[in-house]
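Okay, structure first, notes after.
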Amino acid sequence: MAGAIAIVVVLLIFPTLILMSGGAASAILGFFLQQDGEARHEGSELLDLDD
C-alpha cells in the first residue's frame with residue numbers, strides 16, 4: 001500500500017516541479033539575454049523605445 005501512495009505522490013509532484021523549474025530557468029535565461037542585448041547594442045536609439 002505504501003508503494004502505491006509513493007507512486008501517486010511522485011506522479012503528482014514531479015510534473016509540478018518540472019514546470020516550476022522550467023519557468024525559473026526561463027526567467028533567469030531571459031534576464032541574462034536581455035542584459036547581453038543591452039550591452040551589445042549600447043547607444044542604439046532602439047533601446048529607448050517602450051516595450
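These numbers come from the heavy atoms of this one structure, side chains and all, not from hydrogens, waters or symmetry mates.
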For this session: Could you identify which residues cluster with Met20, counting Ile, Leu, Val, Met, Phe, Trp and Tyr as linked when any side-chain heavy atoms lie under 4.5 Å apart, either directly or through a chain of such contacts?
Result: none

For this session: Determine yes or no for a side-chain-to-main-chain donor-acceptor pair under 3.5 angstrom, with Ser21 supplying the side chain and Ile18 the backbone.
Result: yes

Exercise. Restricting to pairs with a member in residues 4-14, which pass salt bridge (Lys or Arg N to Asp or Glu O under 4.0 Å), not counting sequence neighbours?
Worked result: none

Seminar exercise, completed: Going by chain and number, the hydrophobic cluster around Ile28 (ILVMFWY, side chain to side chain under 4.5 Å) further includes Phe31, Phe32

For this session: Provide the full list of salt bridge (Lys or Arg N to Asp or Glu O under 4.0 Å) pairs with a residue in residues 13-37, sequence neighbours left out, each pair given once.
Result: Asp36-Arg40

Seminar exercise, completed: Those residues at least two apart in sequence (or on a different chain) that pass side chain to side chain contact (heavy atoms under 4.5 Å, CB included) with Ile13 are Val9, Leu17

When the side chains of residues 1-8 are checked against the rest of the protein, which donor-acceptor pairs come out under 3.5 Å, sequence neighbours left out?
none

